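What you see below is based on every heavy atom in this structure, not just the backbone, and it leaves out hydrogens, waters and symmetry mates. Everything numeric in this text was worked out from a predicted model, so none of it was measured. We number each residue from 1, following the sequence as shown.
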Amino acid sequence: MRGSERASLELIGLLLHSLEVVFSANTGFSMSIYDVTSRSIYLRWSKFSGASSYRVTATAVNTVGHSLLAHFSDVTLKSTLTSLIPNTVYAIQAEAIDKNGITLAETQTMQSTAPDIPVIDQAYSKLSNSITVEWRAVPGATSYLLSAQDGDSCIETVVTKSPGTVMGLEPATCYRITIRSVNAGGKSRPSPSRKTTTVLSAPILSVSSPSYDSIAVSWKAVYMAVGFSVSLMRSDGLGRMLKQNTTNTSFIFSNLDPGTLYTIKAYAWNANGLPGDDFTYNQRTSPKAPADVQVAFNSGVLRAIVSWMPAEGALTYSVTASSGLLKLKCNTTSSSCIIPSLQCGSEYSVSVTAHNDAGSSNPTDAVSLKTIPCAPGNISTEEDEHGNLLVSWSRVNFGHYYVVFVKSDDGLEVYCNTSHTQCHFQSDCGFTYFISVFAYNKAGQSPLGDVFNYTTAPCCPSNFRAVLVSSDTVEVSWSPVRGAEMYETKAASWRGTVLCNDTATACTLSALRCNTRYNVTVYSFSEARGSNTSCASKYVATAPCSPEIKNISKEALSVISVHWQSNNEEATYIVTARGETGLWHCTSSGNSCTLINLPCGSAFSVSVIARSPAGQSLPSYSVPLETGACCPSGVKLYRLGNNGIRVYWRASEETISYITDLCGSKGNFTCTPSSGVSYCDITEIPCGDVYTVVVSPATDKRLKLTFCPKKIYSVTCSGSSVGMVIYRGKSSAEHV
């Protein structure tokens with residue numbers, strides 16, 4: 001049927017259906033169709049009051065002379081119209097008739113029969129989940145309903161033309177296949193069935209490349225399969241196909257090209273030899289290990305550049321550097337890779353592995369890489385008294401030799417190259433040396449370790465001057481020396497030590513013991529190294545100790561003896577009497593000294609100093625001294641009668657009392673006049689004798705002084721003269 005005719009029939013059917021609704025609404029009598037086949041229409045109607053029978057008429061619309069009439073009792077309310085023409089539109093009328101044959105009500109509708117039943121030409125299975133059906137086209141059919149039934153299971157699908165395929169089936173399963181034609185009126189009866197079995201399912205492959213030249217294929221058993229066929233070919237079409245039939249569930253293809261993509265196809269067959277679904281899988285062989293591995297070590301940054309020849313089919317590469325438990329890796333898609341963060345003093349085994357989606361190659365043969373040695377540690381420095389530095393350090397792994405650089409703070413640098421673990425260097429006092437030790441091997445120089453600095457002891461002050469500025473004080477001065485931050489001046493003797501610390505280049509040592517030999521040393525000091533204890537010393541003797549005056553005695557009119565106590569060695573003592581009229585001195589190397597010619601009647605301060613090559617002592621404590629009153633002058637003697645004498649004199653002071661002594665072999669006579677009297681009478685002296693006459697000042701204890709001038713007077717017993725002076729004594733004091 002053409003499309004325009006089909007559309008016209010559908011339109012008529014819709015119109016008739018509308019009329020039926022109208023008729024049913026007006027009369028209450030209605031009719032409905034509940035099934036349609038190619039040659040039958042199944043209908044029912046409603047019971048109508050008063051009807052004793054029902055009449056149904058079906059007339060083909062486009063076919064002349066083909067009508068069908070049927071009568072039913074009042075209890076029959078449904079019927080099947082049969083022997084109809086397939087794919088034909090019928091006008092169907094139902095009438096309600098009373099017992100007199102009068103039509104009480106009627107209703108009409110238009111209905112097309114279904115197309116004719118198709119005939120299956122063939123049904124077959126190419127895939128394990130489907131069956132394909134072929135048939136001749138049925139006139140008037142707008143679509144076809146394919147059914148595949150397996151027991152209680154039925155799968156249907158609608159297609160528009162032949163061939164049609166039922167999907168969603170189980171593999172290796174026998175199905176009963178039927179087909180119905182369908183149009184707007186309904187669907188035909190099922191066609192005669194065909195039994196068809198789906199083919200075997202495809203084996204599900206597990207594929208791997210265990211080596212660079214092989215591919216392993218395995219699968220699980222397939223239901224109803226008695227054998228399998230596996231084939232392999234390069235995906236680029238090069239080379240020949242390899243095929244293997246087997247009853248096993250695995251197979252290995254060998255002697256393949258490394259890193260190459262292959263296409264694998266496999267299927268199972270049943271007992272009839274029919275092949276089932278095939279399974280296609282693309283698998284690449286794993287790559288071969290890279291060749292010509294080269295390792296370039298960069299000692300400056302402790303990393304290595306590893307390079308190699310690319311491997312066929314490799315997508316990525318991994319480089320492994322192993323040292324004991326430590327493993328370093330880098331991954332790349334190129335033919336080189338940088339391994340950073342290598343450790344010094346280590347030996348690494350470097351290997352390269354190629355990778356692709358099939359797996360990994362075997363690692364290349366390991367290439368040994370020895371890194372630079374680590375920086376030597378435990379650096380120590382010793383300095384001997386000869387100005388040498390001994391630098392020592394610990395031996396390091398893979399260190400073939402060592403270079404020590406010693407740079408002083410003035411910029412001068414020296415070095416030492418050795419295979420041992422110590423070096424000697426000449427050093428100077430007062431310098432700071434910066435010491436670096438490097439280890440070397442074929443890979444290069446070790447990293448810079450800790451820079452060890454060593455400061456030598458400061459230089460010793462040389463040619464220092466020690467000057468005795470007083471009897472107990474020595475002033476020491478010197479020139480600045482390198483490296484010294486402070487100086488310590490030390491004066492040591494068997495009696496004790498005196499210290500002086502200062503940052504200046506001079507120091508005054510005071511409170512030293514007199515008459516002592518000191519060993520004076522100036523030490524330089526720095527915070528970094530402390531004191532230089534090798535500095536030379538000088539001996540300095542202090543001035544003699546101050547004498548202690550023990551006694552002063554008056555030996556004569558102008559003579560004083562001074563006695564002192566002192567333990568000085570090789571000292572000369574100088575006694576000084578200081579008075580208003582001047583200074584009087586005497587010198588002695590012993591413990592006493594005599595001052596002469598001191599003026600009488602004067603007050604003095606007497607002190608003693610000691611002098612030696614080392615210097616002069618402090619003066620002793622001063623002792624006051626007053627010389628006696630001066631002897632009177634102008635002594636004259638006069639005879640008083642037969643046995644007396646008067647002695648006159650001129651007094652030095654009016655308040656001084658004098659004593660006159662007259663001494664002879666026949667007796668001694670004394671006269672003490674009152675104070676302020678300048679004469680004295682001595683009576684009853686025997687004549688015929690020589691007398692010594694002395695007029696001297698009287699002391700506080702009325703003692704007589706014997707150092708005044710003496711006069712010798714002879715007294716005769718005849719003549720008119722009493723006597724005459726025959727000798728005048730004089731003072732032995734010396735005025736200086």
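Tested against Ser193 for a side-chain contact (heavy atoms from CB on, under 4.5 Å), the candidates Thr178, Ile177, Ile179 yield a single pass: Thr178.
No donor-acceptor contact under 3.5 angstrom links the side chains of Asp277 and Ser201, judged on distance only. A side-chain donor from one of Tyr124 and Glu134 sits under 3.5 Å from a side-chain acceptor of the other. For the residue pair Thr80 and Thr82, no side-chain donor N or O sits within less than 3.5 Å of a side-chain acceptor on the partner. Side-chain N/O atoms of Asn248 and Ser250 include no donor and acceptor closer than 3.5 Å. With 3.5 Å as the limit, one finds a donor-acceptor pair spanning the side chains of Ser368 and Glu347. A side-chain donor from one of Thr165 and Thr132 sits under 3.5 Å from a side-chain acceptor of the other. Of the N and O atoms on the side chains of Ser52 and Asp98, not one donor lies less than 3.5 Å from an acceptor on the other residue.
The minimum heavy-atom distance linking Thr263 with Ser235 is given by the pair OG1-OG, 2.8 Å.
Listed by chain and number, the residues in a ring pair (Phe, Tyr, Trp, His ring centres under 6.0 Å) with Tyr402 are Trp393 (sequence neighbours excluded). The ring pair (Phe, Tyr, Trp, His ring centres under 6.0 Å) check on Phe251 picks up Phe253, with sequence neighbours excluded. In this structure Asp236 satisfies the side-chain hydrogen bond (donor to acceptor under 3.5 Å, both in side chains) test together with Arg234, sequence neighbours excluded. Under the salt bridge (charged side-chain N to carboxylate O under 4.0 Å, His left out) criterion, Arg55 pairs with Glu95, sequence neighbours left out. Legend: residues meeting side-chain hydrogen bond (donor to acceptor under 3.5 Å, both in side chains) with Asn129, ordered by chain and number and at least two apart, are absent. Partners of Phe228 by ring pair (Phe, Tyr, Trp, His ring centres under 6.0 Å), not counting sequence neighbours, listed by chain and number: Trp219. Applying the salt bridge (charged side-chain N to carboxylate O under 4.0 Å, His left out) rule to Arg240 yields no partners; only residues at least two apart in sequence or on another chain are considered. Residues passing the side-chain hydrogen bond (donor to acceptor under 3.5 Å, both in side chains) test with Arg194, sequence neighbours excluded: none. In this structure Ala51 satisfies the side-chain contact (heavy atoms from CB on, under 4.5 Å) test together with Phe48, Tyr54, Ala96, Leu104, sequence neighbours excluded. Residues passing the ring pair (Phe, Tyr, Trp, His ring centres under 6.0 Å) test with Tyr401, sequence neighbours excluded: Tyr440. Residues passing the side-chain hydrogen bond (donor to acceptor under 3.5 Å, both in side chains) test with Gln244: none are found, sequence neighbours excluded.
When side chains are defined from C-beta on, Lys220 does not count as touching Ile204, because their heavy atoms never get closer than 4.5 Å. Residues Lys442 and Lys370 have side chains not in contact (no heavy-atom distance under 4.5 Å, counting atoms from C-beta outward). Side-chain contact between Ser361 and Pro290 is present, with at least one heavy-atom pair separated by less than 4.5 Å. The side-chain heavy atoms of Pro287 and His355, taken from C-beta on, include no pair separated by under 4.5 Å. With contacts defined as side-chain heavy-atom distances shorter than 4.5 Å, the pair Thr88/Asn62 does not qualify. Taking the side chain as every heavy atom from C-beta outward, Leu84 and Ile41 approach each other to under 4.5 Å. For the pair Thr107 and Trp45, the minimum side-chain heavy-atom distance is 4.5 Å or more. Two residues are said to be in side-chain contact when any heavy atoms from C-beta on lie closer than 4.5 Å; Pro310 and Tyr317 meet this criterion.
One distance of note links OG of Ser336 with CD of Gln294; it measures 12.5 Å at 0.5 Å rounding. Rounding to the nearest 0.5 Å gives a distance of 9.0 Å between CH2 of Trp135 and CD1 of Ile120. Atom CG of residue Asp150 and atom CD of residue Glu170 lie 8.5 Å apart, to the nearest 0.5 angstrom.
Panel note: side chain Asn356, backbone Gly313; a donor-acceptor pair is recorded below 3.5 Å. Checked by atom type and distance alone, the side chain of Ser53 never pairs as donor or acceptor with a backbone atom of Asp74 at under 3.5 Å. With hydrogens and angles disregarded, no donor-acceptor distance shorter than 3.5 Å links the side chain of Tyr175 to the backbone of Ser130.
For residues 251-332, the pairs satisfying disulfide (SG to SG under 2.5 Å) are Cys330-Cys337, with sequence neighbours left out.
More than 12 heavy atoms of other residues, nucleotides or ligands shown are found within 6.0 angstrom of CE on Met233.
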